[in-house]
A.B. asks: 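Have a look at the structure that comes next, please.
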Amino acid sequence: MTQRPRGRAFFANPGPTNIPDSVLRAMDRPSIDFNDPDFVAVFDPAVAALKRLLGTTGEVFLYASSGHGAWEATLVNLFSPGETLLMLDSGYFSESWTRMAGKFGLEVQTVAADRRLGADPAALTAALRADTGQRIRAVCAVHNETSTGVVLPLPEIRAAIDAAGHPALLLADTISSFVSLPLQMDAWGIDAVVGGGQKGLMLPTGIAFTAAGARAMAAHGQARIARHYFDWSVMLTRPHRSFVGTVPTSFFYGLAEALRLIEEEGLEAVLARHHRLAEAVRRAVRAWSGNDGPQLYCADPARVSDSVTAVLMPEGHDAEALRATARGRFNVSLGTGLGGLGGKVFRIGHLGDLNEPMVIGTLGAVEMSLRLTRVPHSQGGVAAAMDWLAA
Ligand SMILES: *Cc1c(COP(=O)(O)O)cnc(C)c1O
């Protein structure tokens, strides 16, 4: 038997994320009838708080699933087989959502992008103008592409659709941006928002949701893809207006506590903390990038993500070896490179329940692992992060 490492494990993945102790404690409780008034008194305020955080007065449909369930639910409730979607290419997650849509008989056109920069709104406008028959039913955007650490400016995406005068819906995957990056669903003209629990919401994996505005609900009325567990119309007949079947009650005690933590800190302060910690990580990476070292994968400073940083290794150096050293020697878990970025990129998650010493600890482990695995770099990444955090 190998000895378990001493001390706390540091978890720097971009999802799932660290679960606050008080959320774990809140979920540690006996079963309750989901129609019990005591449970309804937890459920209803939680949904109201989610709507406030989303900036919407629309419907919120919740599922007992990971984020994939919310992706699927959103597609099957809004479209009919043979209809066309326009996906903004961003990386592993836009690819996965595209593949899923194909399996439901949807045709997916893609707006190609340089993935280190993210999609160009002008290319989106052009693609919609070219759709003279207005066959495209929706534009799908991954707000925060978790595989690359590149953010799409959703208001600019909305403006690009409006510039084309096209009636397509705007769908946004906010699974790794919700409560980590600014989001104003209604004000930004987003018709459906896909979200999940195990990233910025700091919950165990197993709860996800779609928020649907009026235009999305109108589209739902026409949508013909077969569905049952995920059917919003069935959900609307249920007492909680969500869930077909048993409500996963334990999650709502955790969600209520997570929402209490967020509202106690204040959303603005939560977002500011994410920015401050993310900027510390970026300053460390920029310092390491000297001497032909690793660099930020995101090449547009205006689109860097405050929830995850993807770090591109120098040619010929394996990100997986670095991750193995960080985990084996220092008990620090870093995110892997996804899809075509496997071995080329490692990721530092900096969303959810996180503070300065946790970030500095992770950066220290990365800097030591760079030395141990003989990856060229400039020293001083941790020092640059501290300079920023202590300024
Ligand atoms: C994590 C993630 C998903 C998938 O969610 P799962 O919970 O892993 O099913 C989808 N989109 C984005 C942007 C994500 O970060």
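Ligands are counted one by one from 1 in listed order, and the atoms in each one are counted from 1 as well. If you're wondering where the values come from, they're calculated on a predicted model, not measured in any experiment.
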A.B. asks: Could you tell me which non-hydrogen atom of Val142 sits nearest to which non-hydrogen atom of Ser90, and how far apart they are?
C.D. replies: CB-OG, 3.7 Å
A.B. asks: Below 3.5 Å, N or O to N or O, backbone or side chain included: is there any such pair between His68 and ligand 1?
C.D. replies: yes
A.B. asks: Which one holds for Glu145 and ligand 1: side chain close, backbone close, both close, or neither close, with close meaning a heavy atom under 4.0 Å?
C.D. replies: neither
A.B. asks: Is the cationic atom of Arg137 (NZ for Lys, CZ for Arg) positioned less than 6.0 Å from the six-membered ring centroid of Phe79 and within 45 degrees of its normal?
C.D. replies: no
A.B. asks: Is the shortest N/O to N/O distance between Gly67 and ligand 1 below 3.5 Å?
C.D. replies: yes
A.B. asks: Between OG1 of Thr146 and CZ of Arg347, what distance do you get to the nearest 0.5 Å?
C.D. replies: 7.0 Å
A.B. asks: Pairs of nitrogen or oxygen atoms closer than 3.5 Å, one from Thr205 and one from ligand 1: do any exist?
C.D. replies: no
A.B. asks: Only heavy atoms of Asn144, strictly under 4.0 Å: list the atoms of ligand 1 that pass.
C.D. replies: 13 (C)
A.B. asks: I need the contact type for Trp97 against ligand 1. Using non-hydrogen atoms and a strict under-4.0 Å cut-off, is it side chain, backbone, both or neither?
C.D. replies: neither
A.B. asks: Please list, in number order, the atoms of ligand 1 under 4.0 Å from a heavy atom of Ser176.
C.D. replies: 13 (C), 15 (O)
A.B. asks: Report yes if Lys199 has an N/O atom closer than 3.5 Å to an N/O atom of ligand 1; otherwise report no.
C.D. replies: yes
A.B. asks: Tell me which part of His143 gets within contact of ligand 1: side chain, backbone, both or neither, using heavy atoms under 4.0 Å.
C.D. replies: neither
